[in-house]
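By convention in this document, chain letters (A, B, ...) are assigned in the order of the sequence lines, proteins followed by strands, and residues within each chain are numbered from 1.
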Number of protein chains: 2
Amino acid sequence: MNQVPDVLNPACDSRTVLRHLTDRWAPLIVLALVPNALRFGELRARIGTITPKVLTETLRSMERDGLVVRTVTPSSPPRVDYELSELGRTLTTPVETLREWAESNVEAVLANRARYDCGHAATRGH
Amino acid sequence: MNQVPDVLNPACDSRTVLRHLTDRWAPLIVLALVPNALRFGELRARIGTITPKVLTETLRSMERDGLVVRTVTPSSPPRVDYELSELGRTLTTPVETLREWAESNVEAVLANRARYDCGHAATRGH
DNA sequence: GATATCAGATACCTCAACGTAACCAAGAAT
DNA sequence: ATTCTTGGTTACGTTGAGGTATCTGATATC
């Protein structure tokens with residue numbers, strides 16, 4: 001048992017949790033579900049480029065971790081709703097914080113990349 | 001030009017920025033560099049399981065984005081220090097927030113997983 | 001009877017990320 | 001003269017995340 005979880009400790013489970021949080025689609029799914037629950041197809045449309053297979057996989061993984069609740073309404077065609085669990089809702093702040101950073105600093109990062117690529121292209125006479 | 005950056009818009013560059021922030025090792029590198037600058041070897045030891053190749057790659061990428069500053073002291077053996085840039089330091093709060101969530105909720109997530117695996121194992125008579 | 005809807009399942013393939021192992025230069029220590 | 005050190009580079013191999021394409025079941029609509 002780890003007394004104090006520490007992501008900088010390679011053996012600590014919190015590291016795998018952090019890694020899960022930073023899965024490619026997980027933050028976007030959280031963001032999409034913050035306002036309200038969404039059906040599978042709505043979620044897919046909201047995110048835009050995710051394939052059904054990967055969306056299913058990611059949602060299952062998040063359901064397993066207890067971040068997302070999956071509710072099936074057995075009708076035809078079937079209806080499946082996804083919503084953040086109580087635990088999942090506590091992710092709102094961390095993920096929103098990350099989102100805000102990304103959105104506020106896109107321009108700066110893009111500028112840095114351009115500057116870097118420019119400055120290093122000259123000396124790299126391959 | 002995007003007027004208002006939005007990570008939920010697949011075409012928006014902020015999405016690639018977010019994805020970069022959630023690279024496997026990037027958050028750990030940020031966390032390791034928050035207290036103070038570190039040499040290559042120190043950083044490697046601090047993170048524990050990263051290989052030199054991947055550490056180099058990730059640091060270059062972060063340097064390109066302007067998150068990290070690389071300082072070479074031409075001596076022998078060489079000395080190279082890495083530190084967060086001004087922009088990189090603004091990542092402290094977002095990343096620390098994520099870290100705290102992960103460390104505070106490891107146990108809950110682990111419990112959820114166990115519960116899920118238990119409940120679904122019975123019906124999965126492969 | 002044909003087609004559409006919804007939420008996937010399934011088989012297959014691709015590729016980029018990640019890892020392994022070996023090597024390097026330059027000086028300092030033994 | 002050989003070995004150690006630091007901060008990498010290079011070539012190569014592996015893996016797993018993600019993508020593509022096709023199919024299903026149950027009803028409802030045309």
Output yes when a side-chain donor or acceptor of B/Ser14 lies under 3.5 Å from a complementary backbone atom of A/Ala102, and no otherwise. no

Output the rounded distance in Å from [atom1] ([X]) to [atom2] ([N]).
X	N	atom1	atom2	result
B/Phe40	C/dA25	CZ	C1'	16 Å
A/Leu55	C/dA9	CG	P	11 Å
B/Arg19	C/dA16	CZ	P	10 Å
A/Lys53	D/dG19	NZ	C1'	7 Å
A/Glu63	C/dA7	CD	P	15 Å
A/Leu38	C/dA7	CG	C1'	15 Å
A/Ile50	D/dA17	CD1	C1'	12 Å
A/Glu57	C/dG8	CD	P	13 Å

Nearest-nucleotide 5' precedence on DNA chain C, A/Val80 against B/Asp23: A/Val80

If you find the nucleotide of DNA chain C closest to B/Arg24 and the one closest to B/Pro78, which residue's nucleotide is nearer the 5' end? B/Arg24

Quick check for you: among [options], whose closest atom lies nearest to any side-chain atom of [X]?
X	options	result
A/Trp25	D/dG8, D/dG18, C/dG19	D/dG18
B/Arg39	C/dA26, D/dT6, D/dA26	D/dT6
B/Tyr82	D/dG8, D/dT6, D/dG19	D/dG8

Think B/Arg60 has a side-chain N or O under 4.0 angstrom from the OP1 or OP2 of D/dT9? yes

[Y]/[X] salt bridge by N-O under 4.0 Å criterion:
X	Y	value
B/Arg99	A/Asp6	yes
B/Arg15	B/Asp13	no
B/Lys53	B/Glu57	yes
A/Asp117	A/Arg115	no

Have a look at B/Arg70 and say if it touches a base, only the backbone sugar-phosphate, or nothing, with a 4.0 Å heavy-atom cut-off. sugar-phosphate

In terms of the nearest nucleotide of DNA chain D, which residue is placed more toward the 5' end: A/Val54 or B/Leu59? B/Leu59

